[in-house]
Q: 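Sharing a structure here in structure tokens format.
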Amino acid sequence: TDGNNPGTAAWQYAGLGNGGFGTNNVILGRGKPASLSGTGNIIAGSGGSALTSGISNVVLGLNAANSSTTPNYSVYIGVNAATNLTSTNLDATNTVVGGYGIGNVNNANLYSGTYIGYGSGYGNGAAASSTASFYNTFVGAYSGFDYIGSLSTKIGVNAGRQNNGTENVLVGYYAGQGQNYPTTSNYNTAVGDYALYQLVTGGNYNTALGYKAGYDSSGGIGNSVYLGAYAGLYAGLSNELYIDNQDRGNYTNQKSKIKY
């Protein structure tokens, strides 16, 4: 049936073409947009209910993008994907694949990002709405969960979780997770499971390569380099270089193994 004569079946609304559905749009499912003048959109599964004039968007999933009104060239796929997102800045141009991806963000300045994985970039409501977030690539369940930041790459389950910093590259299981809620640490590179785990606000300009390299970096450390598995596992200072390949048990033993 069309939007003017909705039926009672599970697929309550279906439209293709012009008229109340805009131009060249495909709409399938309950809760169609009330008034859509956009072009080239595909909406299915009761998502996109607030869409008014967007161009070339794909919205698939229950409540997906249910607050977005004028996004362009975006993809929102998954249950509650981008739910509450109101971003219109720079035409949005976001790609979100995964349930709750960038959900609960409520941010009018989130654009040009890629978020793949369940809960990737999931926000914390109003607290996430005041800062622009852009040019991110998050891949993995809960990557960038709680806080998003900008210009960052977070790859791995829980990578960069609770870390709202800028220009970070965090690759690995829990790599670069913030210790507190929220944490703002910037310009870090962490590669390896738990590398730079437990970062705190002010922990900037660190490089960690290896399993648990720079682990538990909760002393506000910055400008340090950790090379090898467990390197700097007990670190608590800034401006240091750690090269190691095993857990030394404590800071004193670890310090004796540092090579410059």
Side-chain angles (χ1 to χ4, degrees), residues 45-50 57-69 71 74-89 92-186 188 190 193-194 196-199 201:
S46 80
S49 58
N57 298 290
V58 176
V59 181
L60 305 175
L62 178 67
N63 295 325
N66 66 352
S67 295
S68 296
T69 57
S74 292
V75 176
Y76 301 116
I77 299 176
V79 174
N80 290 313
T83 185
N84 296 331
L85 181 66
T86 59
S87 182
T88 58
N89 199 334
T93 60
N94 292 303
T95 299
V96 181
V97 179
Y100 294 89
I102 62 170
N104 200 33
V105 172
N106 191 26
N107 194 326
N109 294 291
L110 190 151
Y111 56 92
S112 299
T114 300
Y115 305 89
I116 299 175
Y118 182 87
S120 176
Y122 185 86
N124 68 330
S129 66
S130 60
T131 302
S133 298
F134 50 88
Y135 305 147
N136 290 311
T137 300
F138 295 176
V139 180
Y142 304 108
S143 55
F145 187 88
D146 285 336
Y147 271 84
I148 295 177
S150 297
L151 295 159
S152 293
T153 299
K154 303 177 182 182
I155 300 175
V157 175
N158 289 306
R161 184 168 178 157
Q162 295 184 177
N163 189 338
N164 195 37
T166 297
E167 296 189 54
N168 293 299
V169 177
L170 310 171
V171 181
Y173 182 64
Y174 278 105
Q177 173 176 294
Q179 183 190 44
N180 300 311
Y181 175 78
T183 292
T184 300
S185 57
N186 308 303
N188 296 292
D193 290 354
Y194 296 103
L196 289 183
Y197 181 72
Q198 297 284 55
L199 273 170
T201 294

Q: Under 3.5 Å, side chain of Gln162 to main-chain N/O of Gly178, donor-acceptor pair present?
A: yes
Q: Hey, what's the ring geometry for Tyr142 with Tyr118, parallel, tilted or perpendicular (30° and 60° as the breaks)?
A: perpendicular
Q: If you apply the rule side-chain contact (heavy atoms from CB on, under 4.5 Å), what do you find for Asn136 with Thr114, and how did you get there?
A: CA-CA 6 Å; Asn136 290 311; Thr114 300; over 6 Å; no
Q: If only atom types and distance count, is the side chain of Asp193 paired as donor or acceptor with the main-chain N or O of Tyr173 below 3.5 Å?
A: yes
Q: Does any N or O in the side chain of Lys154 come within less than 3.5 Å of the main-chain N or O of Gly160, such that one atom is a donor and the other an acceptor?
A: yes
Q: Could you pull out the closest heavy-atom pair between Ser143 and Phe138, with the gap in Å?
A: OG-CB, 3.4 Å
Q: Between Leu85 and Ile102, what is the shortest heavy-atom contact and its length?
A: CD2-CD1, 3.7 Å
Q: Locate the shortest heavy-atom distance separating Ser74 from Asn94; write the atom from each residue and the value.
A: OG-N, 3.0 Å
Q: Looking only at the side chains, is there a donor atom on one of Asn163 and Ser185 sitting less than 3.5 Å from an acceptor on the other?
A: yes
Q: Atom CG in Asn188, atom CG in Leu196: separation rounded to 0.5 Å?
A: 5.5 Å
Q: In Å and rounded to the nearest 0.5 Å, what is the OH to OH distance from Tyr174 to Tyr194?
A: 6.5 Å
Q: Locate the shortest heavy-atom distance separating Thr166 from Ser152; write the atom from each residue and the value.
A: C-OG, 3.9 Å
Q: What is the ring orientation for Phe145 with Tyr122, classed by angle as parallel under 30°, tilted 30 to 60°, or perpendicular over 60°?
A: parallel
Q: Do you know which two heavy atoms are closest between Leu62 and Ser46, and how far apart they sit?
A: CD1-OG, 3.2 Å
Q: CD1 of Ile116 to OG1 of Thr95: how many Å apart, nearest 0.5 Å?
A: 7.5 Å
Q: Is Tyr115 close to Leu110 at the side-chain level, that is, under 4.5 Å between some pair of heavy atoms?
A: yes
Q: Could you measure the distance from the CG atom of Asn168 to the OG1 atom of Thr184? Nearest 0.5 Å is fine.
A: 10.0 Å
Q: Among side-chain atoms of Thr83 and Asn66, is any donor-acceptor pair under 3.5 angstrom?
A: yes
Q: Checking Thr137 against Thr153: is there a side-chain donor and acceptor pair closer than 3.5 Å?
A: no
Q: Minimum heavy-atom separation for Ser133 and Ser150, please, with both atom names.
A: CA-OG, 3.2 Å
